[in-house]
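Worksheet: one structure, shown below.
When a ligand or atom number is given, it counts from 1 through the structure's own listing order.
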Amino acid sequence: MSGEGRGSAEQRALDLEKTADWYRRFRRLETPGQSELYADWAGGIETDAEVLRLIITLPRPKRQPNLIFASARLLGAPLAAYPVVREWLIEHWPAVAAEALVRATQTNEPRRLTAIMPILAAIGPRVALIEVGASAGLCLYPDRYSYDYSGQRVDPADGPSPVLLQADTTGPVPLPAHPPEVLWRAGIDLNPLDVRDPADVRWLQTLVWPEQTERRRRLDAALDIVRRDPPHLVRGDAAGGLEALVARAPEGVPLVIVSPAVLVYLAPADREAFADSVTALGRWISLDGAGVLPRVDAQLPQAPVPGDYTVSLDGRPVARCGAHGQTLDWLAG
Ligand SMILES: C[S@@+](CC[C@H](N)C(=O)[O-])C[C@H]1O[C@@H](n2cnc3c(N)ncnc32)[C@H](O)[C@@H]1O
């Protein structure tokens, strides 16, 4: 075997090991209480050399369990136990790989607004809002949804919304009487999704995990609301495209830039550059997993562990929260 051959064989072995580990971590950290089916699929793949060999033919970011599973489901993979889905996956691999190559995980979860809305309300009763990594823009409508914080309701000024975002809370969450009014809203995304496009809507629906029927209902109800007044979304990169959008924001009202569940997709140096520059453009609310913004993690009373999420204002932690906004633990002070 030539030196190059040996090198690439070692690289392949390393790729297989890392991919197996990715599926193992996904199963252990992300699926508990969320999807037994995805836990079963991920558990099957992590020890299945034949399927792992197919997956590593994709570029590294495209090997993500969530992306492979959603691409397979979009193409009709049976919602069945791993041995059945394995046969399907092997037979349909070229189509699954092609789908994964043109798609990205763009899960749009309005429930994350349970963590963001009280901070927005503290900034002002009326705000202008820009979302970075907006997906289809469902998080740009905090004023159109109802909220339930461990039994305490917050409804829009004109009455309850068909979309109820619920969070289990601890600590002194400062709840307003009504969500703040959003006078102007816009979003930026590498690949904005259009709530009026059936193909985009189907992808958003497929990104909801199989057993999550309540999430699916919430997604469909939020889509109904947003479809009546679709947001202004521009295609662009968080790392460089924000200033042009900021220039269009109205004056005389606080501009708030929100970045829920997006900075993780940026290279660490780009995240730092974003965090350094964004507060010169407006107030900044972010919602991120442990390790994404070390400057925020460093200020938490306890070091976060994988799976923990924090919502922050202008780089300072405000609350711990669930990845999808299902819990909110307000930090003292
Ligand atoms: C997990 S989704 C979150 C969507 C939305 N913020 C939410 O919380 O529901 C991440 C979104 O960020 C977008 N994205 C990833 N990297 C980006 C970048 N460098 N610049 C702009 N958007 C990006 C993706 O296309 C995707 O729509």
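Nearest to atom 4 (C) of ligand 1 among the protein's heavy atoms is Gly133 O, 3.3 Å. If you check which protein heavy atom lies closest to atom 19 (N) of ligand 1, you get Asp237 OD1, 3.1 Å. With respect to atom 15 (C) of ligand 1, the closest heavy atom belonging to the protein is Tyr265 CB, 3.6 Å. Annotation: atom 3 (C) of ligand 1 to nearest protein heavy atom, Thr107 O, 3.4 Å. Scanning the protein heavy atoms around atom 12 (O) of ligand 1, the nearest turns out to be Val262 CG2, 3.3 Å.
At least one N or O atom of Gln106, backbone or side chain, sits closer than 3.5 Å to an N or O atom of ligand 1. Any N or O atom pair closer than 3.5 Å counts here, and Val132 shares no such pair with ligand 1. Among the atoms of Thr105, none of the N or O lies under 3.5 angstrom from an N or O of ligand 1.
Look at Gly236 and you'll find a heavy atom under 4.0 Å from some atom of ligand 1. Using a 4.0 angstrom heavy-atom cutoff, Ala261 counts as in contact with ligand 1. Within the structure, the closest approach of Cys139 to ligand 1 falls below 4.0 Å when heavy atoms are considered.
Using a 4.5 Å heavy-atom cutoff, the side chains of Phe26 and Thr31 are in contact.
The pair Arg144-Asp229 meets the salt-bridge criterion, with a side-chain N (NZ, NE, NH1 or NH2) lying under 4.0 Å from an Asp/Glu carboxylate O. Look at Asp308 and Arg320 and you find no salt bridge, because none of the NZ, NE, NH1 or NH2 atoms lies under 4.0 Å from a carboxylate O. Taking a cutoff of 4.0 Å between a charged side-chain nitrogen and a carboxylate oxygen, Arg295 and Asp276 qualify as a salt bridge. Remark: Asp21 engages Arg24 in a salt bridge, criterion side-chain N to carboxylate O under 4.0 Å.
Thr279 and Asp314 form no side-chain donor-acceptor contact under 3.5 Å, judged by distance and modelled atom types alone. There is no side-chain donor-acceptor pair under 3.5 Å between Asp168 and Thr327.
Counted within 6.0 Å of CZ on Arg12, heavy atoms from surrounding residues, nucleotides or ligands total 12 or fewer; the atom is thus considered open.
Taking the six-membered ring for Trp, Trp209 and Tyr38 have ring centres closer than 6.0 Å.
Nearest-heavy-atom check against atom 25 (O) of ligand 1 across Asn191, Leu190, Asp189 picks out Asp189.
By the criterion of a heavy-atom distance under 4.0 Å, neither the backbone nor the side chain of Leu287 is placed next to ligand 1.
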